[in-house]
Each structure stands twice: as structure tokens, then as C-alpha cells.
J.: 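Below is a structure I'd like to ask you about.
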Amino acid sequence: MHKLGIIGYGGMAGYHHGQAARVGDGFSVSAAFDVDPERLELARANGLKTYDTIGNFLASREFDIVLVATPNNFHCEYTIAALEAGYNVVCEKPVAMSLAELDSMIAASKRTGKLFSVHQNRRWDEDYRIVREVLKSGDLGKPYTIESRVHGQWGVVHGWRAYKVAGGGMLLDWGVHLIDQMLDMIQEPVKSVYARLISVRTEDVDDYFKLLINFESGLVAQIEVGTYCLDTMPRWYINGDAGSLRIQSWDCAGKIIKANDRVLDWEPVIVQTKAGPTRTMAPRPKETLTEKELPKVETDWADYYRNVMAAIDGRAELIVKPEQVRRVFRVIEAAFESDRTGQSVIF
Ligand SMILES: NC(=O)c1ccc[n+]([C@@H]2O[C@H](COP(=O)([O-])OP(=O)(O)OC[C@H]3O[C@@H](n4cnc5c(N)ncnc54)[C@H](O)[C@@H]3O)[C@@H](O)[C@H]2O)c1
């Protein structure tokens with residue numbers, strides 16, 4: 001039986017309650033600590049024991065796993081305090097404010113021998129799982145470009161996320177998910193990183209960024225997050241030397257397009273377009289292409305907690321490992337540096 005104690009009973013608390021309910025027997029949320037009395041009142045209404053100091057919370061022994069779900073600037077100190085108090089820790093993303101903070105959290109986990117993982121739940125997203133499966137199947141051949149993006153239309157960054165001091169901004173908020181997915185899927189070494197961070201409507205932090213990751217094989221990944229894109233682009237767009245893939249949005253509508261073999265006998269001709277004559281950019285006749293449906297995947301976000309519990313019990317290897325999170329954070333730090341210097345950061 002494993003019990004979760006939550007530090008920071010805010011917006012994400014409901015999500016974690018939902019996941020615990022899905023896991024069912026053997027897992028429950030039992031306690032909460034928050035600095036806001038109203039959040040504690042809600043936690044009590046949800047049947048939890050509540051604490052208004054970190055000391056009393058950690059002394060309570062009401063749980064064996066601590067979830068740190070505060071604004072990002074408190075992740076490091078609470079994670080280390082919980083590990084030192086003998087608890088296993090799941091920290092919300094982004095794990096920390098800097099690589100130095102993350103290293104001190106990893107060191108605390110090693111020192112105490114307690115499990116430390118980060119809630120990179122988007123590794124279980126359906127759209128991501130489809131892309132990962134298609135790339136693994138080889139259907140696209142060797143990928144040479146992968147574009148992963150999310151576009152919001154409201155131009156608003158909510159609450160503490162709008163402030164640098166709290167670890168706000170889109171690179172740390174959504175960027176960390178999309179970089180984590182990319183590095184989980186593409187396990188080859190990163191060669192270099194280039195990034196531009198822009199504050200379109202939110203003064204203190206990036207509310208738009210574009211990031212290029214160059215991998216050893218020559219594959220280039222582009223990750224883009226925008227909060228004020230009134231016209232939106234596909235969630236995923238990938239080209240390989242044997243096919244292309246597009247997934248439009250989280251509803252996973254999309255397709256794979258491959259060239260027919262008989263195209264080898266087909267000689268492109270110069271076509272007249274509105275922009276003048278072209279052969280290289282001439283649209284291909286439909287009969288030279290085949291559209292394939294995307295594969296169906298089964299995925300469940302609650303598998304994150306199922307794995308954490310199995311790893312604590314010694315029944316499975318931890319899926320979201322601190323070393324992987326560190327690799328992601330190196331890219332994040334490189335992206336901030338690249339934006340500052342205007343140069344690529346070579347790994
Ligand atoms: N994995 C995901 O998909 C996902 C989604 C949303 C948020 N998050 C992450 O979860 C964390 C919380 O985000 P949120 O949207 O729930 O924020 P939120 O603002 O809704 O909730 C934060 C809670 O922390 C409490 N808090 C603030 N300072 C505190 C302190 N010093 N000590 C104790 N409690 C404190 C607040 O009172 C609030 O209840 C962030 O790190 C965020 O990046 C992850």
C-alpha cells in the first residue's frame with residue numbers, strides 16, 4: 001500500500017487525485033501541506049489530513065511518497081527536505097530552476113537512497129506514443145526533421161507562470177514536456193542547441209520560443225511553443241527519407257504519406273504554377289503517393305504512478321529517471337544561454 005502526501009494543493013491536485021483513483025487499490029492520496037488556508041480547506045473536504053507547516057507535514061508519517069506540486073521555485077528545497085526526511089519523492093515538472101538545483105536534488109536522492117522521479121506525464125500522451133511507435137517501426141525511413149509544437153491563441157500566461165522569479169515562461173512550462181518527449185524518443189547524443197525566446201505579450205518571461213536541437217545523426221528537431229498564435233500549426237510534422245507524418249492536434253487526427261515504388265519510373269516535368277515554372281517544387285500526382293492511417297495506441301497516464309510504486313517495491317525499473325531529466329535540463333540551460341548569446345551552444 002502506498003500513500004501520497006501533496007506539497008502544494010493547487011490546480012494540479014485534482015489531476016493527481018484522478019490518477020490515484022485510476023490506479024485504485026494499493027494507492028491513495030492521504031495528506032496535503034499548503035501555505036493557502038483555502039486550499040487546505042478543500043483538501044480536508046476531499047478527505048485528507050492537512051498541515052500548515054512543512055515540519056509537521058514531514059513529521060506526520062501519513063504517507064510514503066511526497067508529491068511536490070508548488071510553483072517551480074520551491075521544488076528544490078521541498079524535494080531535498082522530503083528526501084532527507086526519508087520519503088520517496090515525485091516532483092512536478094520542470095524539476096528545478098537550474099541544473100545546479102537539479103544536481104543537488106539528485107545528490108540528496110543518492111545520499112538517502114530514496115526514489116526521486118519527475119512527473120513527466122506527457123510521455124504517456126496518445127499523440128506522442130503514436131509518433132514514437134511510427135518512428136520505431138521504420139515506416140518513415142530515417143527521419144531528418146521532426147517538428148513538435150503547441151500553439152495557444154489567448155496570449156495569456158497565467159498566475160506565477162508569468163514571473164521569472166517563480167520559474168515561469170514557456171520554455172520551462174511546456175518546453176520541458178516537449179524536450180523530454182523528444183529526448184525520450186531520440187536517444188542519440190545532442191550535438192548543439194539554438195534557441196530564441198520572445199516575450200510577445202508577457203513582459204517578464206518568454207511566452208514564445210523556438211528551439212533547434214541538432215542530433216549526432218544529422219537529424220534536426222524543432223520545438224516551438226507559442227501562446228499567441230491565432231492560426232495554429234500541426235502538433236507534429238515529421239519528414240523521413242521514406243515518408244512524412246502529420247498529426248494535427250491532441251485529437252490525433254493525421255496521416256502518414258509514403259511514395260509508391262512505381263514513382264521510380266516517373267519523371268517529374270516542369271509545371272507552371274502561379275509562382276512560375278518549377279520541377280523541384282511541382283506537386284506530385286496523387287497516384288504516386290499512398291496515405292496510411294496512423295497506428296492505434298493504448299496509453300494511460302496512471303501508468304506513471306503504477307511504475308513509481310513498482311520501482312519503490314523493486315518490481316520494475318523506474319521509467320522517468322533523474323539522469324534523463326538531467327539530459328533534458330542541459331538542453332533547457334543551453335537554450336537560455338543560446339538566446340542570451342545569439343549563438344548555438346555546442347555540446
Ligand atoms: N505535469 C503536468 O502536466 C503539469 C500541469 C500543470 C502544472 N504542473 C506543475 O505543477 C506545479 C503546480 O502547478 P499548478 O498549476 O498546480 O499551480 P497552482 O498555482 O495552481 O498551485 C500551486 C499550489 O502551491 C501552493 N504554494 C505556493 N507556494 C507554496 C509554498 N511555498 N509552500 C507550499 N505550498 C505553496 C499554492 O498555494 C497553490 O495551492 C508546477 O510545478 C507546474 O509546472 C504540471
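Atoms within each ligand, like the ligands themselves, are counted from 1 in listed order.
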J.: Is the closest basic N to carboxylate O distance between E84 and R111 below 4.0 Å?
T.: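 Judged by the 4.0 Å cut-off on N to carboxylate O distance, E84 and R111 do form a salt bridge.
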J.: Which residue and atom name correspond to the protein heavy atom nearest atom 17 (O) of ligand 1, and how close is it?
T.: W160 NE1, 3.4 Å
J.: Which of the numbered atoms in ligand 1 are below 4.0 angstrom from a heavy atom of A69?
T.: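 Atoms satisfying the 4.0 Å criterion: 11 (C), 12 (C), 22 (C).
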J.: In the protein, which heavy atom is nearest to atom 29 (C) of ligand 1, and how far is it?
T.: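 Residue, atom and distance for the closest contact: V35 CG2, 3.6 Å.
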J.: Can you label the angle between the H17 ring and the Y9 ring as parallel, tilted or perpendicular, going by 30° and 60°?
T.: perpendicular
J.: Which value, rounded to the nearest 0.5 Å, describes the distance between R132 atom CZ and D125 atom CG?
T.: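 With rounding to 0.5 Å, CZ (R132) is 11.5 Å from CG (D125).
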J.: Backbone, side chain, both or neither: what part of Y15 comes under 4.0 angstrom of ligand 1, heavy atoms only?
T.: neither
J.: To check your reading of the model: name the closest protein heavy atom to atom 38 (C) of ligand 1, its residue, and the distance in Å.
T.: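 Result: D34 OD2, 3.6 Å.
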J.: Under 4.0 Å from a heavy atom of P71: give me the atoms of ligand 1 that qualify, with their elements.
T.: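 Within the 4.0 Å cut-off of P71, ligand 1 contributes 22 (C), 24 (O), 26 (N), 27 (C), 28 (N).
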J.: Report the nearest protein non-hydrogen atom to atom 21 (O) of ligand 1: residue, atom name, distance rounded to 0.1 Å.
T.: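 Nearest neighbour among protein heavy atoms for atom 21 (O) of ligand 1, to 0.1 Å: G10 CA, 3.2 Å.
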J.: With heavy-atom distances below 4.5 Å as the criterion, would you say the side chains of T202 and Y163 are in contact?
T.: no
J.: Within a distance under 4.0 Å of any heavy atom of H177, pick out the atoms of ligand 1 and give their elements.
T.: 1 (N), 2 (C), 3 (O)
J.: Regarding ligand 1, does M12 bring an N or O atom to under 3.5 Å of one of the ligand's N or O atoms?
T.: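 Checking ligand 1 against M12, an N or O pair does fall under 3.5 Å apart.
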J.: For R122, is at least one N or O under 3.5 Å away from an N or O on ligand 1?
T.: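 Such a contact does not occur with ligand 1.
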J.: Hey, which of V345, L212, L197 is the one that makes side-chain contact (heavy atoms from CB on, under 4.5 Å) with S338?
T.: V345
J.: Without hydrogens or angle criteria, can the side chains of N239 and S244 be said to hold a donor-acceptor pair below 3.5 Å?
T.: yes
J.: Give the residue and atom name of whichever protein heavy atom lies nearest to atom 41 (O) of ligand 1, and the separation in Å to one decimal.
T.: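 Atom 41 (O) of ligand 1 sits closest to the protein heavy atom N72 OD1, 2.6 Å.
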J.: Can a non-hydrogen atom of H75 be found less than 4.0 Å from any atom of ligand 1?
T.: yes
J.: Of all the heavy-atom pairs spanning A82 and V89, show the shortest one and how long it is.
T.: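 Looking at all heavy atoms of both residues, the closest pair is CB-CG2, 3.6 Å.
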J.: Tell me the protein heavy atom at minimum distance from atom 28 (N) of ligand 1, and give that distance in Å.
T.: F74 CE1, 3.5 Å
J.: Using a strict 4.0 Å cut-off to heavy atoms of G11, name the atoms of ligand 1 that fall inside it.
T.: 16 (O), 18 (P), 20 (O), 21 (O)
J.: At under 4.0 Å between heavy atoms, which part of R161 makes contact with ligand 1: side chain, backbone, both or neither?
T.: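 Answer for R161: side chain.
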J.: To the nearest 0.5 Å, what is the distance between CD (Q181) and CH2 (W236)?
T.: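 The CH2 atom of W236 is 4.5 Å from CD of Q181, to the nearest 0.5 Å.
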J.: Are the side chains of K210 and Y194 in contact, using a 4.5 Å heavy-atom criterion?
T.: no
J.: Can you say whether the rings of Y51 and F57 are parallel (under 30°), tilted (30 to 60°) or perpendicular (over 60°)?
T.: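 Answer is perpendicular, since the angle exceeds 60°.
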J.: Among all protein non-hydrogen atoms, which one is nearest to atom 31 (N) of ligand 1, and what is the separation to 0.1 Å?
T.: Y78 OH, 3.3 Å
J.: Nearest protein heavy atom to atom 9 (C) of ligand 1, by residue and atom, and its distance?
T.: K93 O, 3.5 Å
J.: How does T70 reach ligand 1, if at all, at less than 4.0 Å between non-hydrogen atoms: by side chain, backbone, both, or neither?
T.: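 For T70, backbone and side-chain atoms both sit under 4.0 Å from ligand 1.
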J.: Distance from I7 atom CD1 to E77 atom CD, nearest 0.5 Å?
T.: 9.5 Å
J.: Side chain or backbone, does D36 bring an N or O within less than 3.5 Å of an N or O on ligand 1?
T.: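 No; every N/O pair is 3.5 Å or more apart.
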J.: Taking only heavy atoms of H119, which atoms of ligand 1 are found under 4.0 Å from at least one of them?
T.: 1 (N)
J.: Should you measure from each heavy atom of P94, which atoms of ligand 1 turn up under 4.0 Å away?
T.: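 Atoms satisfying the 4.0 Å criterion: 43 (O).
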J.: Under a plain distance cut-off of 3.5 Å, with no hydrogens placed, do S192 and N214 share a side-chain donor-acceptor pair?
T.: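 Short answer, yes.
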J.: Under a 3.5 Å threshold, yes or no: a donor from one side chain and an acceptor from the other, between S117 and Y304?
T.: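 The criterion, which ignores hydrogens and geometry beyond distance, is satisfied for Y304 and S117.
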J.: Would you mind running through ligand 1 and noting each atom that sits below 4.0 Å from a heavy atom of N121?
T.: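 So the atoms of ligand 1 that pass are 1 (N), 2 (C), 3 (O).
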